[in-house]
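Report on the structure given below.
Computed from a predicted model, the values in this text were never measured in an experiment.
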Amino acid sequence: MNVLLITQNYPPNKGGMAVSCDRLVRNFKRNGIRVHIIHFTNRKKKFSTQTVVNGTYSAVPIESSEEFTLSLAAEFIQQLPFLDTLSYIGIFGGNLPINLGPVLSKWIHKPLITFIRGNDFDEGIFSKKRSHLLYALENSRYIFTVTREKREKIDSLVSHNNTYFTQNGINTAYWKPTKSHLEGIEGLKKSFNSKIPIAFIGQLKAKKGIVNFVETFAKFPYKNDFVLCLIGDVSEETKTYILNLDINVRFFSFANQNELILFYNAINIVAVPSFYDGMPNVLLEAAATKNIVIGANVGGIKDVISHKKDGFLYNPLQSNELLDVLLQIHKMSPSEKERMCEALFQKINTDYTEEIEISNYINILKP
């Protein structure tokens, strides 16, 4: 099987979408599928293709005009020498792939796969470019989404019945600290000055609900027992606003996996307060490192967390629900916290592996 995968989210891009795309490509290749990456990127000024293990990687520059970008990309792709060997065209995240994929699929007569993750649907369906998204969905041989909620929503919008829930996966072994991490972990723990850290990790955009969470947390009567740690990209405006609140807070720059292992193993609680989301990698990473998870009751978060059994869920638009969760956590004994963390770890380690994730795709796509 050969797949042409068109994406705007692939390393060296940062963020969960790029991580997920890289993981998907890596595991497709491990299972004997050749993957040819078409990567829309502003890091390159010229078109280029290089041979990589079990496939190719092509950089497609993003020009000043979307129409110009897509026209050049279409011409470039149609001249690639391996098009006749393709089994599918796949599109993964971003408006450019969603716009280009279904048209190219018809031009070169290859079936389309649409991978829906989070923003590509949640925001795309309400944008002026909604027609591009709907056209891609309607003309997809297969649609893969990482939340049950999105599968139901998509099914109500298209005339076919080819939408599949395919959960994210994680290798928990990758998140275990080594001896080289221990000193850094202990140093971080000491830096919290005996306060309980609650972490927010990743590209902390508005839709991630950070400001909403922090404003509510500022009203929590036991807030001085905690310190909020924002690890990742935060706008200066958001940072200034949070610093003016009467809370303990620390900011850390965007971290790679090796650095994140330090943070995850030094903190106690990870918050995922998104207003809407797919199945965040941060959620699975927090579970793999045995943290308590406070998650918004949306998207793939509610697919993973069982409220009060292996984590906590709350309505991100209801501040009283978050205050109640914070109070419950504050009252928990160490043994209760340990049992909750262990329950989520066992769930992830058993049901959300990379092997299960990739087999869900392959079992549907195989001839």
Side-chain angles (χ1 to χ4, degrees), residues 1-13 15-39 49-58 77 80-94 97 101 104-105 108-118 120 140-148 150-151 162-176 257 278-281 283-285 287-288 300 303-304 347-367:
M1 190 189 305
N2 291 351
V3 176
L4 181 77
L5 187 62
I6 308 171
T7 183
Q8 282 178 247
N9 299 277
Y10 195 71
N13 292 33
M17 291 278 282
V19 169
S20 291
C21 191
D22 183 49
R23 183 181 67 247
L24 186 65
V25 169
R26 182 179 72 247
N27 286 319
F28 270 144
K29 290 181 176 182
R30 284 179 177 172
N31 284 271
I33 298 172
R34 292 182 63 81
V35 183
H36 301 282
I37 299 292
I38 301 295
H39 183 197
T49 299
Q50 62 187 84
T51 300
V52 295
V53 176
N54 284 344
T56 60
Y57 170 87
S58 296
I77 293 171
L80 292 172
F82 48 75
L83 295 187
D84 288 343
T85 70
L86 293 178
S87 309
Y88 299 100
I89 290 178
I91 51 178
F92 188 105
L104 193 65
S105 167
I108 66 173
H109 309 291
K110 300 296 179 181
L112 180 68
I113 309 168
T114 298
F115 297 90
I116 293 293
R117 317 302 288 185
D120 44 8
S140 295
R141 174 73 60 85
Y142 301 108
I143 302 168
F144 295 112
T145 177
V146 293
T147 82
R148 291 183 175 89
K150 286 184 179 60
R151 180 187 61 192
N162 296 321
T163 306
Y164 299 88
F165 166 61
T166 50
Q167 65 203 46
N168 280 346
I170 189 170
N171 185 336
T172 57
Y174 290 166
W175 295 92
K176 290 180 180 179
Q257 180 173 334
M279 186 175 288
N281 291 314
L283 169 61
L284 302 188
E285 292 161 7
D303 286 330
V304 176
K347 177 189 283 187
I348 296 300
N349 198 41
T350 303
D351 300 331
Y352 290 81
T353 66
E354 290 191 15
E355 290 77 17
I356 291 174
E357 177 189 28
I358 201 65
S359 67
N360 286 340
Y361 290 108
I362 292 175
N363 289 340
I364 294 166
L365 293 175
K366 64 184 180 182

*L86 and K110: which non-hydrogen atoms are nearest, and at how many Å?*
O-NZ, 3.2 Å
*Which pair of non-hydrogen atoms, one from P97 and one from Q8, has the smallest distance, and what is that distance?*
CD-OE1, 3.0 Å
*Is any side-chain heavy atom of I6 closer than 4.5 Å to a side-chain heavy atom of L104?*
yes
*So which heavy atom on P111 is nearest to which on S105, and how close?*
C-OG, 4.0 Å
*What distance separates L83 CG from H36 NE2, expressed to the nearest 0.5 Å?*
9.0 Å
_Just so I know, are the side chains of I170 and I348 near enough to count as touching, which here means a heavy-atom distance under 4.5 Å?_
yes
*Just checking, any donor-acceptor pair under 3.5 angstrom between side chains of N162 and S140?*
no
*Quick one: CG on N31 to CD1 on I358, what's the gap to the nearest 0.5 Å?*
6.0 Å
*Just wondering, are more than 12 heavy atoms of other shown residues or ligands nearer than 6.0 Å to CG in D84?*
no
*Given side chains that start at C-beta, do those of V25 and I37 come closer than 4.5 Å, heavy atoms only?*
yes
*asked:* With rounding to the nearest 0.5 angstrom, report the CZ to OG distance, R117 to S20.
replied: 5.0 Å
*Would you say the side chain of N13 lies within less than 4.5 Å of the side chain of C21, judging by non-hydrogen atoms?*
no
*Side chains of R23 and N171: donor-acceptor distance under 3.5 Å anywhere?*
no
_Applying side chain to side chain contact (heavy atoms under 4.5 Å, CB included) to T163 and F144, what does each step give before you reach the verdict?_
CA-CA 6 Å; T163 306; F144 295 112; over 6 Å; no
*Spacing of R148 atom CZ and Q167 atom CD [to the nearest 0.5 Å]*: 7.0 Å
*So, for Y361 and F115, is the gap between ring centers shorter than 6.0 Å?*
yes
*Check against side chain to side chain contact (heavy atoms under 4.5 Å, CB included), N54 and I33*: CA-CA 7 Å; N54 284 344; I33 298 172; over 6 Å; no
*Side-chain heavy atoms of Y164 within contact of I143, under 4.5 Å*: no
*Do the non-hydrogen side-chain atoms of D22 and Y10 ever get within less than 4.5 Å of each other?*
yes
*Flag yes if more than 12 heavy atoms outside R141 fall under 6.0 Å of its CZ atom; otherwise flag no.*
no
*Look only at the side chain of N2 and the backbone of S87, and say whether a donor-acceptor pair between them is shorter than 3.5 Å.*
no
*asked:* Quick one about T7 and H39 (side-chain donor to acceptor, distance below 3.5 Å, no hydrogens or angles considered), yes or no?
replied: no
_For T49 and Y57: C-alpha separation, side-chain torsions, deciding distance, then whether side chain to side chain contact (heavy atoms under 4.5 Å, CB included) applies._
CA-CA 6 Å; T49 299; Y57 170 87; over 6 Å; no
*Just wondering, do D120 and F92 contact through their side chains at under 4.5 Å, heavy atoms?*
no
*Do N168 and E357 come within less than 4.5 Å of each other through their side chains, counting heavy atoms only?*
yes
_CZ-OG1 distance between R151 and T166, expressed to the nearest 0.5 angstrom_ = 10.0 Å
_Flag, side chain of K150 to backbone of G118, donor-acceptor distance under 3.5 Å_ = no
*Indicate the atoms forming the closest heavy-atom contact of I362 with F28, along with that distance.*
CG1-CE2, 4.2 Å
*Counting distance only, does the side-chain N/O of S359 pair as donor-acceptor with the main-chain N or O of I356 below 3.5 Å?*
yes
*Rounded to the nearest 0.5 Å, how far does CG of L5 lie from CG of L24?*
7.0 Å
*Step by step, work out the side chain to side chain contact (heavy atoms under 4.5 Å, CB included) result for L4 and V35.*
CA-CA 6 Å; L4 181 77; V35 183; over 6 Å; no
*Distance-only donor-acceptor check, side chains N349 and T172, under 3.5 Å*: yes
